[in-house]
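Here the structure comes first, spelled out in structure tokens, and everything after it is commentary.
Throughout, protein chains are lettered first and strands after them, A, B, ... in sequence-line order, and every chain is numbered starting at 1.
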There are 2 protein chains.
Amino acid sequence: MALRHAVLAVLLDGEYSGYQLAKIFDVSCSNFWYAVPQQLYAELTKLERAGLITGRQVIQHDRPNKRLFTVTPAGLAELATFAAVPSKPSSIREDLLVMVQAVDRLDPAPVIAQLEERAVIAAAKVELFDRMLRQLRGDLTEEMFLRESNRIGPYLTCLRGRRFEQENREWCVQVAALLRARAPVSR
Amino acid sequence: MALRHAVLAVLLDGEYSGYQLAKIFDVSCSNFWYAVPQQLYAELTKLERAGLITGRQVIQHDRPNKRLFTVTPAGLAELATFAAVPSKPSSIREDLLVMVQAVDRLDPAPVIAQLEERAVIAAAKVELFDRMLRQLRGDLTEEMFLRESNRIGPYLTCLRGRRFEQENREWCVQVAALLRARAPVSR
DNA sequence: GAACCATACTCAGTGATATGACTATTCCTG
DNA sequence: CAGGAATAGTCATATCACTGAGTATGGTTC
């Protein structure tokens, strides 16, 4: 019952098809919720049956037809109910950290390689989020945007994603360097 | 196939019972893997059947008997195999961020309350991790400990947990203050 | 001495999540 | 005009995770 609210929250930004939603969940939304397209299509079907969103068919001639979904008042009410009940902190599950936990008893080389690769990925995400932030705030300064815009939710979650990835990158770099220094490994 | 490796990685630190493991997963391990006791007991059964850990019965007189588990060479090999294959970044799922994403269209009061509560929880976790780090490194400086200890895995993951919670706290505080300033709410 | 907490663990069931294999259309490139 | 990428989506299945309800023992507290 949780992907449901993530989908509703994203659909507040406008009409989207399942396919577009999948794109969004693959990039911007992935800071706070991850889902594969199949999950999204299934969830959209359920949400529509529950009356929380409505879909409308759009006939296209240059590509396959699609269905665009909008949040209904009932959907908004569902989100409000969701936001009103205290949530539990998320459950973190990170394979790379499991490897680091065990690294003293393993060959560090593959772990170091993964840390370095992850650092690069994280750096790329930081840049992606920076671009998204700039795009969201237009030509306003961050301070002005946050004070005056009437749609700051996506900006705030993106800010969180940026911080997280920056932090992640720093940790990966630091740990990779440390492990390299302790047990020199040829590439 | 993933909780499995988290359990193995934690059992590298010594013999633990399911109950003790549950405690560890509830605090220190929760930076990188979350699991409820029932999952752990089930996983321990599976791991033992697969020969990756061995259990020995300990008869106790002041409290119920328990079984302590140790990683076998096969278990260590399993961990090595796991560490050798590149892992995907974790899937983040955070209800509180879903709420923030939608906050422009909802009553901000409960979201602000949750952000402030979360900031307090995060601050407590930072302190908990600080205590754990101090305990792990004993009277060595961090630099010395990381250079010379032969069991730095748990320290490194704890360091990551600390950074994450610190960062989380800052974001929660900032966003709560911002939302309060935008739409003044009586407590 | 009743209630409660901590230790120690089990079982049943239900959702949620992930994987893989599909269908179908149109555009673009070589 | 063949092949691939992008759009748009469906179905089936397996596994995972989580909830809730139990069992049992001993120690502590009021």
Side-chain angles (χ1 to χ4, degrees), chain A residues 1-8 11 15-27 29-30 32-50 53 55-69 82 85 87-95 98, chain B residues 1-7 15-27 29-30 32-50 53 55-69 82 85 87-95 98:
Chain A
M1 296 305 211
L3 171 59
R4 140 165 306 192
H5 300 112
V7 170
L8 286 171
L11 282 180
E15 281 189 321
Y16 293 116
S17 68
Y19 191 79
Q20 288 174 292
L21 212 54
K23 296 269 163 179
I24 293 169
F25 269 77
D26 201 44
V27 285
C29 183
S30 61
F32 63 92
W33 210 274
Y34 171 80
V36 293
Q38 294 95 313
Q39 285 173 264
L40 297 173
Y41 285 115
E43 197 60 45
L44 286 170
T45 306
K46 276 191 257 174
L47 281 166
E48 195 181 20
R49 263 209 292 270
I53 59 174
R56 66 183 182 94
Q57 178 96 12
V58 173
I59 311 290
Q60 297 186 116
H61 297 291
D62 52 341
R63 52 193 56 173
N65 298 336
K66 63 182 174 183
R67 303 195 64 214
L68 295 179
F69 296 94
F82 164 69
V85 297
S87 62
K88 282 183 293 187
S90 73
S91 28
I92 305 173
R93 297 205 156 96
E94 182 72 73
D95 281 345
V98 174
Chain B
M1 293 303 210
L3 172 58
R4 138 164 309 189
H5 300 112
V7 170
E15 282 187 320
Y16 291 117
S17 67
Y19 191 78
Q20 288 174 292
L21 212 53
K23 297 269 163 177
I24 294 168
F25 269 77
D26 200 44
V27 284
C29 184
S30 60
F32 62 94
W33 210 273
Y34 171 80
V36 294
Q38 294 95 313
Q39 286 173 262
L40 296 174
Y41 285 115
E43 197 59 46
L44 285 170
T45 306
K46 276 191 257 174
L47 281 167
E48 194 181 22
R49 263 209 290 270
I53 60 174
R56 67 181 181 93
Q57 178 94 15
V58 173
I59 311 289
Q60 298 186 118
H61 297 292
D62 53 341
R63 53 191 58 171
N65 298 334
K66 63 181 172 183
R67 302 195 65 213
L68 295 179
F69 296 93
F82 164 70
V85 297
S87 62
K88 282 182 294 187
S90 72
S91 28
I92 305 174
R93 298 204 155 99
E94 181 75 72
D95 280 345
V98 174

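- Looking at Arg4(B), its side chain never comes within 3.5 Å of a backbone N or O of Glu43(B) through a donor-acceptor pair.
- Regarding His61(A), its NE2 atom lies at a distance of 11 Å from the P atom of dC27(C), rounded to whole Å.
- Of all heavy-atom pairs spanning Glu48(B) and Gly55(B), the tightest one is OE2-N, 3.4 Å.
- Nearest-nucleotide positions on DNA chain C for Lys46(A) and Leu68(B) put Leu68(B) closer to the 5' end.
- In this structure, of dC9(C), dG9(D), dT26(C), it is dC9(C) that holds the atom nearest to the side chain of Tyr19(B).
- Across the interface with DNA chain D, nearest-nucleotide mapping of Arg63(A) and Ala35(B) shows Arg63(A) to be the residue nearer the 5′ end.
- Between dC9(C) and Ser17(B), a contact under 4.0 Å exists linking OP1 or OP2 to a side-chain N or O.
- In terms of phosphate contacts, Lys23(B) brings no side-chain nitrogen or oxygen within less than 4.0 Å of OP1 or OP2 of dA6(C).
- Ser90(B) approaches Glu94(A) most closely through the heavy-atom pair OG-OE1, 3.1 Å.
- Which of dT10(D), dA8(D), dT19(D) sits closest to the side chain of Gln38(A) comes down to dT10(D).
- For the OP1/OP2 pair of dT19(C) and a distance below 4.0 Å, the side-chain nitrogens and oxygens of Lys88(B) include at least one atom meeting the criterion.
- In this entry the distance linking CZ of Arg93(B) with P of dC18(D) reads 10 Å, nearest Å.
- Residue Gln39(B) contributes atom CD, which lies 11 Å from atom P of dC16(D) at whole-angstrom precision.
- Per the geometry, CD belonging to Glu15(A) stands 13 Å off P belonging to dA8(D), to the nearest Å.
- Scanning all heavy atoms of the two residues, the minimum distance from Ser87(B) to Asp95(A) falls at CB-CB, 3.6 Å.
- Between the OH atom of Tyr16(B) and the P atom of dT7(C) there is a distance of 15 Å, rounded to whole Å.
- Between dT17(C), dC16(D), dT19(D), one nucleotide has an atom nearer to the side chain of Leu3(A) than all others, and that is dT17(C).
- In this structure, Gln60(A) reaches the dA8(D) phosphate: one of its side-chain N or O atoms is under 4.0 Å from OP1 or OP2.
- Counting to the nearest Å, the P atom of dC9(C) and the OH atom of Tyr41(B) are 4 Å from each other.
- Following rounding to the nearest Å, Asp62(B) (CG) and dT7(C) (C1') show an atom-to-atom distance of 10 Å.
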Worksheet item: Could you go step by step and tell me if Leu47(A) and Phe69(A) meet the side chain to side chain contact (heavy atoms under 4.5 Å, CB included) rule?
Response: CA-CA 10 Å; Leu47(A) 281 166; Phe69(A) 296 94; over 6 Å; no
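- One can place CZ of Arg67(B) at 20 Å from P of dA24(D), the figure rounded to the nearest angstrom.
- For Tyr34(A), taking side-chain heavy atoms from C-beta onward, the closest of the listed nucleotides dC9(C), dA18(C), dC18(D) is dA18(C).
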